[in-house]
Amino acid sequence: MKLWRVDFPFILSLICMFFWIRTSTYSQTVSRSVLSQEKMDGLSKMYELSKNKSLSIEERLGHINLFLDEVFLYRQDSLKYNGLMQKTLLLGRIRQYDSAIVYSYKLYNIAKLNKDTIYIKKALKKLGSYSKRNKELTEAFQYFNEAYKISRIRGDSIEAGENLLYMASIQETLGDFSGCKTTAIDGVKFLEGTSDLKPIFGLYHILSVAYREQKDYDEALKYVEIALHLATDSVPQRIKSLENTKANILADKKQYQEALTIISRLVSDPLIKNNKRRYARVLDNQGHIKWLNDKQNEKSLQLFLESLRIREDIGDSRGLIASNMHLTEYFFDRDKNQSLMYAENALQHAKSQQSLTSILEALGFILHLKENTKEEGILFKETYDELREMNRKNREVYAVTKYENDKLINENLILKAETAKKQQERVLYIALGIILILIIIFIVDFLRQKHKREKIKEVHNTEIRISKKLHDELGNDVYNIMMLLQASNQDVTLVDKLEDIYLRTRDISREYNRINTGYEYATEFSSMLNSYGSDSTRVIIRGLQDINWQSITSEKKIIVYRVLQELMINMRKHSHAQLVALTFKKTSKHLKINYSDNGVGVTIDSSFYSNGLHNVENRIKAIGGIFIFDSEKEKGFKAKIRFLN
């Protein structure tokens, strides 16, 4: 009882102190949650000074920093939103993208804590924009995709379409033209019928560029003309950009005079001439179109060099990639050293811009122009793998069902129906004559092709038959003799030699096994080519999987397989190459295959020169193709194969 009387006053004092501290803290919190009018006026002044364009960016940043320092002491999230929005804007203006991303993420966290979808969406768009400018394209794609999903939930079709525009633009930059077409078409669906023309111009422009890169020039022209049809005088710069694209597409279609008419008008346009970046671009395009029209046109070189000079003066790195690539093409068949110099310049600018597609394009020229390309080959493989992985991630992020916009499909069907109606009467009169001619041509060609196919099949079957005999008869006989000699304890050297003969017989048999020309052809073909790689030999294959092999006849697939197999066998046995590059490309009419290695080359007195190359040439001729090779001792071996697909 005595102890209670002693401790009670002390405990009571502790309880009183606790309540005093809580009350004091609560009073400070309440005071900081309510801004006085004087403090509010001071903050407003700082905020307005940060928006004063007569001040330097550094001064404006100083004012917004003071504003944010004060605002974060109070529970005023609306002021934090305004301050962070303004600060990220100013940081973006001076290209401090890393800092802009950091403060955009602060904005995102505050908005997410408050479950404020409006500012979550704004923060995500800022994160996407600054990440894209900072060359972090995969991250940018993910941020825009998140903003797109919020826009869809909120039912904001314009915002959804704009985010899809940004996503399609990233896919275009990364060379994923199939993916960017799907994304852009989805964006058109959200934006059609709206009054906001800027994003829909961008989507149609991307569609035209994507179709152009995939060499579907009619579709490319269709989309750029749709955009021009929608254009008004309120967006003159956008119209000039679309006209520039249209000129390039017309040049691709070999309509050079029409293309030059458009580009010449742009060159003399005051709106273009007053902007050095745009002026250099149209000068460069004018030179390229003139060169495409006439490869001997010396005026093209003047235009290329003038554009290059302007771009160097203004530090336009992206433009310098295009200028150097055009000069590489210009000198490719004129001066290999000059061409290589410009290709290497393009590569350096592409690296500085972290443009993976441009790096691959420049390396493609260098691999053909330079003798020792081991380092470039490694860079090509690394860049190609990185680009493929980025596109794979982006497609996973935006995994939606592919569909075409109903309105665009209907317009296309109506256009085709109207065209068909106009031609119907004329077609009716000439149909019988054309059908008769076609039947005759078809019969003659069918008999000729049938004879060729039978010859190719006969050769293939003969190879398989000989291969089987080597394995089943000669190989087995050698193996049996080898076993008898081993059993009778004969000379080990003789047994080893017989084993070597047996292994070579088996290898020859395997090289001429039956080829699967069905759906697994591409996989087995790629596996065969890669099997010739080793620790000392790197094999790079580009474009093989992109070819629609099902559209190519079995006979041609067998010939291609055997020809490249023979080149790879020679490479392994004789050339000692460190790098082998194989490029497959299909145009509307031809399949093109380029082979290149950095081995010892082929000499006139080699057995492969007299026999192997002759066999390769005969095989390619059998399918109506051409085979061209270039080789010198110690300078590697290059070959080009072309045939109708």
Side-chain angles (χ1 to χ4, degrees), residues 215 247-248 250-257 259-260 263-264 267 280-313 316-351 355 357-373 375-377 379-380 542 581 583 585 587 590 592-598 601 626-642:
K215 303 189 185 307
N248 287 328
L250 288 169
D252 292 331
K253 288 169 65 69
K254 299 187 178 358
Q255 297 176 14
Y256 300 118
Q257 293 308 315
L260 286 170
I263 208 76
S264 297
V267 168
R281 182 177 64 178
V282 295
L283 276 182
D284 190 45
N285 286 336
Q286 186 180 40
H288 190 240
I289 294 169
K290 283 181 176 290
W291 176 73
L292 288 173
N293 186 36
D294 180 8
K295 298 294 175 66
Q296 305 304 317
N297 187 345
E298 296 297 331
K299 179 67 175 175
S300 298
L301 181 58
Q302 298 174 24
L303 292 166
F304 287 147
L305 294 175
E306 176 63 8
S307 174
L308 182 70
R309 183 191 62 77
I310 295 171
R311 282 167 164 169
E312 287 174 341
D313 288 344
D316 180 10
S317 291
R318 290 190 65 82
L320 284 168
I321 297 172
S323 284
N324 280 287
M325 290 305 299
H326 282 159
L327 284 162
T328 300
E329 288 181 296
Y330 179 86
F331 285 105
F332 191 85
D333 293 321
R334 294 170 178 246
D335 187 335
K336 297 292 184 185
N337 291 330
Q338 282 280 89
S339 184
L340 178 60
M341 180 192 74
Y342 286 116
E344 289 177 334
N345 288 344
L347 178 60
Q348 293 308 312
H349 289 295
K351 286 180 178 178
S355 174
T357 53
S358 297
I359 289 171
L360 290 178
E361 186 180 4
L363 285 171
F365 281 105
I366 292 171
L367 288 170
H368 283 89
L369 293 165
K370 196 174 180 180
E371 292 181 3
N372 185 4
T373 56
E375 182 179 341
E376 287 80 5
L379 178 59
F380 187 98
R542 182 184 177 194
T583 305
K585 185 177 181 182
T587 65
H590 293 88
K592 300 180 179 181
I593 304 170
N594 290 339
Y595 170 96
S596 177
D597 69 45
N598 62 352
I626 58 171
F627 173 78
I628 303 170
F629 74 94
D630 180 25
S631 180
E632 291 181 29
K633 190 175 182 182
E634 304 302 328
K635 290 189 177 181
F637 180 83
K638 295 181 180 180
K640 294 181 180 180
I641 298 168
R642 305 284 186 275

Does some side-chain heavy atom of [Y] sit less than 4.5 Å from a side-chain heavy atom of [X]?
{"X": "Tyr330", "Y": "Leu301", "answer": "yes"}
{"X": "Asn285", "Y": "Arg281", "answer": "yes"}
{"X": "Leu250", "Y": "Leu260", "answer": "no"}
{"X": "Asn345", "Y": "Leu320", "answer": "no"}
{"X": "Glu329", "Y": "Leu327", "answer": "no"}
{"X": "Ile593", "Y": "Lys640", "answer": "no"}
{"X": "Ile626", "Y": "Ile628", "answer": "yes"}

Please name the pair of heavy atoms, one in [X] and one in [Y], separated by the smallest distance, quoted to 0.1 Å.
{"X": "Lys370", "Y": "Lys638", "value": "O-NZ, 4.4 Å"}
{"X": "Ala350", "Y": "Ser358", "value": "CB-CB, 3.7 Å"}
{"X": "Phe637", "Y": "Ser631", "value": "CD1-CB, 3.5 Å"}
{"X": "Tyr342", "Y": "Thr328", "value": "C-OG1, 3.3 Å"}
{"X": "Ser264", "Y": "Gln286", "value": "OG-NE2, 3.5 Å"}
{"X": "Leu347", "Y": "Ile366", "value": "CD2-CD1, 3.8 Å"}

Can you measure from CD1 (Ile321) to NZ (Lys351) and round to the nearest 0.5 angstrom?
-> 12.5 Å

The reported gap from CG in Leu363 to CD in Glu344 (rounded to nearest 0.5 angstrom) is 10.0 Å

Give the intermediate values and the outcome of side-chain contact (heavy atoms from CB on, under 4.5 Å) for residues Asn598 and Glu371.
-> CA-CA 7 Å; Asn598 62 352; Glu371 292 181 3; over 6 Å; no

Are the side chain of Thr587 and the backbone N or O of His590 linked by a donor-acceptor pair below 3.5 Å?
-> yes

Residues that Glu361 engages under side-chain hydrogen bond (donor to acceptor under 3.5 Å, both in side chains), provided they are two or more places apart = none

Would you please name every residue forming a side-chain hydrogen bond (donor to acceptor under 3.5 Å, both in side chains) with Asp284, sequence neighbours left out?
-> Arg311, His326

NZ (Lys592) with more than 12 external heavy atoms under 6.0 Å = no

Are Glu298 and Arg334 close enough for a salt bridge, meaning some N to O gap below 4.0 Å?
-> yes

Is a salt bridge present between Glu312 and Arg309, judged by a nitrogen-to-oxygen distance below 4.0 Å?
-> no

Tell me, with the steps shown, if Met325 and Phe365 meet side-chain contact (heavy atoms from CB on, under 4.5 Å).
-> CA-CA 9 Å; Met325 290 305 299; Phe365 281 105; 3.2 Å; yes

Kindly determine whether Lys336 and Leu340 satisfy side-chain contact (heavy atoms from CB on, under 4.5 Å), including the steps that lead there.
-> CA-CA 6 Å; Lys336 297 292 184 185; Leu340 178 60; over 6 Å; no

Evaluate side-chain contact (heavy atoms from CB on, under 4.5 Å) for Trp291 paired with Asn297, printing each intermediate quantity in order.
-> CA-CA 6 Å; Trp291 176 73; Asn297 187 345; over 6 Å; no

State, without any angle test, whether Arg542 and Asn594 hold a side-chain donor-acceptor pair at a distance under 3.5 Å.
-> no

